[in-house]
A.B. asks: 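Questions regarding the structure given below will be posed in turn.
All residue numbers refer to positions in the sequence shown, counting from 1.
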Amino acid sequence: MATEKPRVCLAYSEEGYEVVCFLGNVGQEEDWAAVEEKALKIGAKKMVIEDLRREFVEELCFPAIRKLTRMP
C-alpha cells in the first residue's frame, strides 16, 4: 500500500504537496469544464466544484434581506 501525501488547499504549491482545487458555485456564470481543465492543467490533482446555491441564498441572502427589512 502506497503512502499518501498530506493534502493542503493552496492556489499554488511549490512544496511538493498535492493540490486539490475547490470552487463553490453560488450562481455565477462559469464555464465549469474550462475551470476544471485549467486547474488540472496547472497541476491540481483534483478539482471539486460544489453546488452551494441553496446555502448561499438561505444562509446569506435571506438573512441580509431580513435585516434590511428591520432597519428603521
Side-chain angles (χ1 to χ4, degrees):
M1 181 175 203
T3 305
E4 286 192 34
K5 292 181 183 181
R7 292 186 180 155
V8 293
C9 186
L10 300 172
Y12 301 96
S13 178
E14 296 177 3
E15 303 293 323
Y17 293 107
E18 263 184 24
V19 175
V20 176
C21 291
F22 177 85
L23 177 65
N25 173 3
V26 293
Q28 70 273 35
E29 291 187 26
E30 290 283 348
D31 180 349
W32 304 111
V35 170
E36 182 172 12
E37 182 182 333
K38 183 175 181 180
L40 298 175
K41 184 178 179 179
I42 62 172
K45 178 79 172 179
K46 180 179 176 182
M47 177 75 200
V48 177
I49 301 172
E50 191 76 27
D51 185 352
L52 300 174
R53 291 175 291 182
R54 177 176 293 277
E55 290 86 348
F56 179 70
V57 171
E58 290 178 353
E59 297 175 21
L60 290 164
C61 296
F62 285 166
I65 292 167
R66 276 188 220 109
K67 247 191 187 358
L68 286 173
T69 60
R70 292 183 189 145
M71 293 180 76

A.B. asks: Using the rule that Ile, Leu, Val, Met, Phe, Trp and Tyr join whenever any side-chain heavy atoms are under 4.5 Å apart, tell me whether Trp32 and Phe22 fall into a single cluster.
C.D. replies: no
A.B. asks: Rounded to the nearest 0.5 Å, what separates atom CG in Leu40 from atom NZ in Lys45?
C.D. replies: 10.5 Å
A.B. asks: Is there a path of hydrophobic side-chain contacts, each under 4.5 Å between heavy atoms, that joins Val20 and Leu52?
C.D. replies: yes
A.B. asks: When rounded to the nearest 0.5 angstrom, what distance separates NZ in Lys46 from CD in Glu36?
C.D. replies: 10.5 Å
A.B. asks: If you take all heavy atoms of Met47 and Ala39, which pair is closest and at what distance?
C.D. replies: SD-CB, 3.6 Å
A.B. asks: Would you kindly confirm whether Val26 and Ile65 end up in one hydrophobic cluster when ILVMFWY residues are joined by side chain heavy atoms under 4.5 Å apart?
C.D. replies: no
A.B. asks: If you count every heavy atom of other residues, nucleotides or ligands that lies below 6.0 Å from Glu30 atom CD, does the total exceed 12?
C.D. replies: yes
A.B. asks: Using the side chain to side chain contact (heavy atoms under 4.5 Å, CB included) rule, take Gln28 and Leu23 through it: C-alpha gap first, then chi angles, then the decisive distance, then the call.
C.D. replies: CA-CA 11 Å; Gln28 70 273 35; Leu23 177 65; 4.3 Å; yes
